[in-house]
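This report concerns only the one structure given below.
Protein chains get the first letters and strands the later ones, always in sequence-line order, with residue 1 at the start of each.
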Amino acid sequence: MSHPTVAPGTNFIRNIIEEDLASGKHKTVVTRFPPEPNGYLHIGHAKSICLNFGLANYYQGRCHLRFDDTNPVKEEQEYIDAIKADVSWLGFDWGAHEYHASDYFEALYGYAETLVEKGLAYVCDLSPEEMRAYRGTLTTPGKESPYRKRSSKESLDLLRRMRAGEFADGSRVLRARIDMTSPNLNLRDPILYRILRATHPRTGNAWCIYPMYDFAHGQSDSLERITHSLCTLEFQDHRPLYDWLCEALEIYHPQQIEFARLNLTYTVMSKRRLLELVNEKHVSGWDDPRMPTLSGMRRRGFPPAAIRTFCERIGVGKSDSVIDMSVLEDCVREHLDQTAPRAMGVLRPLKVTITNYPEGQTEEFTAARHPKDPAMGNRTIPFSREIYIDQDDFMEEPPKQFFRLGPGREVRLRYGYVIRCDDVIKDPVSGEVIELRCSYDAATGGGALPEGRKKVKGIIHWLSVAHALPVEVRLYDRLFSVANPAGVKDRDYRELLNAEALEALAQAFVEPGLAGASSGESFQFERLGYFCVDTKDSKPDRLVFNRSVTLRDAWTKPETKGNQP
RNA sequence: AGGGGCGUCGCCAAGCGGUAAGGCACUGGAUUUUGAUUCCAGCAUUCACAGGUUCGAUCCCUGUCGCCCCUGCCA
């Protein structure tokens, strides 16, 4: 089905599957990824996708993509399309197995009549407020609805008329007859069907009653012969109901297994909050590169393979956990380091004049596209009298540990000459350093080091002013300024957004060789990080690069790296 | 005594009665024309705590403590 991914590590779910296969309970593994199309997929969904598809692949079974579309007021076709695109991009193929809970509406309704006929469900006329009052509380039992004693015959008639549209929205519901005194609230005669007049993305106005999650999910699993139904921890309390319904209906009974959802530092994972960030324009959209959505990460330049590696690396368990963002960043670097061609880019240009280099002269240096992959070939980099270096690579009063450029200091231009800073030119008004006047050592070209010459420790990137390609670079960082924005008491998470998560640099430059870079293509800007051509705003004559992630940096002090707890 | 879960290194996570894998982070050091990569080395005498069973317990039993989830006609 899908191309092989990372071999799954051992975890409690695999152990269960191994036992089921060994005991003969199952001969094959059938899983499913069941998104509700009410938002875009995020990295938390990726964990579930990789788990479900990964398990199916590993055991040579199959994994279905099933939309849990039972609430038409929140669901949209746009989300269905986006979800499919994201799952494909992540590298998984559901083949012919695309399903929708709405495909089963007729079958589900049939199950409802069956339950009524068996005396296991009834139509209840309590109002929502009354229903709440009758439900009891966490510590006190509920009360039975007066409609609970309704005959099967009457309930069946009412159910059919509910479907026929004879009653107003919210006026009646179908309930399972279980136990109003159960300590598990989900078993206090849960609602199975509600009356709701809303246009469904797929069934249009064919229905005015819709099944609840509990009466759709497990039944869909059963119809599809899912062997292992994996869901997140908050559904643990629903499992007794899942089981009760399969038993009551006497249908194929899949096994529900719960695992902990993913939490990542410096971001939020709830669809509600992500939707708010989009609607309130805190970000440019679901695919804003700062978002933890798959579409955001795609635009940010994260390779799908890196996300798969990440999902494998974090493991699967049942304890609430928060994964450090550095784990994801490491996965991204790991993949990009191997695949991204190198190039030089100057983010905040500082002009340098090589005073002893002939005016009008140009020469070209040759450099490998990748230090470890000769197959990627070479590139040529033009050099001339005036170059740009990054402002960060010069300090007027450098500390001893700083081995880049400073007054009177020497530094090596990557792939080029060793230069010495002779003069620092400042703006007479602002005092800002606006130009450096340096001299070069002609004997050091292309990395050469003449006999007896002291080795230069610092190496910096640069670009010839006359040849540099002007581009826009967008520096992205973590969305929030605190590790757990959703967990900060008395502060709305929106107040904790990292104002520096996006910095657009309109005056940046890159090697002329990048002129033809294609949309989405990734490069490593040497010494800076990985950058990709933005898929939305970049134009052939005005490239826009997004920073995917910085390089590891042993120089920048830890406290300035944004790693506070 | 509402119910359901969870508690192994800063963050994840293996482990399933025989004496604590691995990853991230961090700290040293080597290589390096990216302060990158790579490479070596270090990093839990201890598994929430207290008892018990056992020759032996992170793994079994009992109790305690801590954290998470559950009172939508959401999923």
Exercise for the section: Using the P atom on both, measure U31(B) against G22(B) and round to a whole Å. Expected result: 27 Å

So which protein nitrogen or oxygen atoms get under 3.5 Å of nucleotides 39-44 of chain B's nitrogens or oxygens?
none

Handout entry: Met180(A) CE - G3(B) C1' separation (whole Å)
Key = 15 Å

Problem - Stacked cation flag Arg172(A) on Phe167(A), 6.0 angstrom / 45 deg - result: yes

Handout entry: Pairs meeting criterion salt bridge (Lys or Arg N to Asp or Glu O under 4.0 Å) with involvement of residues 192-201 of chain A, two or more places apart
Key = Asp169(A)-Arg197(A)

Exercise for the section: Using a 4.0 Å heavy-atom cut-off across all strands, classify Val73(A) as base, sugar-phosphate, or nothing. Expected result: nothing

Exercise for the section: Name the orientation of the base relative to the sugar in G72(B): syn if the glycosidic angle is within 90° of 0, else anti. Expected result: syn

Exercise for the section: If C24(B) has a Watson-Crick or G-U wobble mate with both distances under 3.5 Å, name it; if not, just say none. Expected result: G10(B)

Fill in the blank from the handout: Between CZ of Arg261(A) and C1' of C6(B) the distance, given in whole Å, is 16 Å

Exercise for the section: Tell me what Glu329(A) touches on the nucleic acid: a base, only sugar-phosphate, or nothing, going by heavy atoms under 4.0 Å. Expected result: nothing

Problem - Under 4.0 angstrom between Arg527(A) side-chain N/O and G35(B) OP1 or OP2 - result: yes

Problem - Residue pair Arg261(A) / Leu233(A), side-chain heavy-atom distance below 4.5 Å - result: no

Exercise for the section: Using the six-membered ring wherever Trp is involved, compare the ring planes of Phe67(A) and His100(A) and label them parallel, tilted or perpendicular (cut-offs 30° and 60°). Expected result: parallel

Problem - Residue of the set Thr550(A), Asp553(A), Asp390(A), Asp393(A) for which side chain to side chain donor-acceptor pair (under 3.5 Å) holds with Arg527(A) - result: Asp393(A)

Completion exercise
To the nearest angstrom, the CD1-C1' distance between Ile16(A) and C16(B) comes to 13 Å

Practice task
Mind telling me whether Tyr109(A) and Trp207(A) have parallel, tilted or perpendicular rings, with 30° and 60° as the class edges?
Solution key: tilted

Practice task
Scan every strand shown for a Watson-Crick or G-U wobble partner of C67(B), both distances under 3.5 Å, and answer none if you come up empty.
Solution key: G5(B)

Practice task
Please name the residue in the list Arg148(A), Arg135(A), Arg177(A) that meets the side chain to side chain donor-acceptor pair (under 3.5 Å) test with Asp189(A).
Solution key: Arg148(A)

Completion exercise
A correct 5'-to-3' footprint of nucleotides 68-75 of chain B, with B, S and - meaning base, sugar-phosphate only and no protein heavy atom under 4.0 Å, is SBBBSBSB

Practice task
Just call it for Pro141(A): base, sugar-phosphate, or nothing, with non-hydrogen atoms closer than 4.0 Å on any strand.
Solution key: nothing

Handout entry: Separation between the C1' atoms of U46(B) and A41(B), rounded to whole Å
Key = 22 Å

Exercise for the section: Identify whether the distance between the nearest side-chain nitrogen and carboxylate oxygen of Glu329(A) and Arg478(A) falls below 4.0 Å. Expected result: yes

Practice task
Determine, for Tyr99(A) and Arg32(A), whether the Lys NZ or Arg CZ falls below 6.0 Å from the six-membered ring centre while staying within 45 degrees of the axis.
Solution key: no

Practice task
For C11(B), take OP1 and OP2 only and decide whether either is under 4.0 Å from a side-chain N or O of Ser326(A).
Solution key: no

Handout entry: Minimum side-chain heavy-atom gap Arg342(A)-His370(A) below 4.5 Å
Key = yes

Completion exercise
Rounded to whole Å, CG of Leu241(A) lies from P of G4(B) at a distance of 16 Å

Practice task
Look at all strands and tell whether Phe402(A) reaches a base, only sugar-phosphate, or nothing, counting heavy atoms closer than 4.0 Å.
Solution key: base

Problem - Protein-nucleotide distance (Asn11(A), atom CG; C16(B), atom P), rounded to Å - result: 15 Å

Practice task
Name the closest nucleotide to the Val327(A) side chain, picking from G2(B), G23(B), U34(B).
Solution key: G23(B)

Completion exercise
Atom CD1 of Ile314(A) and atom C1' of A25(B) are separated, to the nearest Å, by 16 Å

Practice task
Let me know the distance between CD of Gln338(A) and C1' of U38(B), rounded to the nearest Å.
Solution key: 12 Å

Problem - Which atom of Ser145(A) lies closest to which atom of Tyr122(A), heavy atoms considered - result: CB-OH, 4.0 Å

Problem - Thr10(A) side chain, from C-beta outward: closest of U34(B), A13(B), A14(B) - result: A14(B)

Practice task
Return the value, rounded to whole Å, for the distance between atom CG of Leu336(A) and atom P of U34(B).
Solution key: 19 Å

Handout entry: Pairing partner of C60(B) (Watson-Crick or G-U wobble, both distances under 3.5 Å)
Key = G52(B)

Exercise for the section: Would you classify Lys372(A) as touching base, sugar-phosphate or nothing, given that sugar-phosphate means primed atoms plus P, OP1 and OP2, and contacts are heavy atoms under 4.0 Å? Expected result: base

Handout entry: Integer angstrom distance from the P of U71(B) to that of C65(B)
Key = 25 Å

Practice task
Examine C12(B): is either OP1 or OP2 under 4.0 Å from a nitrogen or oxygen in the side chain of Asn263(A)? Give yes or no.
Solution key: no

Exercise for the section: Indicate, with a heavy-atom threshold strictly under 4.0 Å, whether Arg404(A) touches base, sugar-phosphate, or nothing. Expected result: base

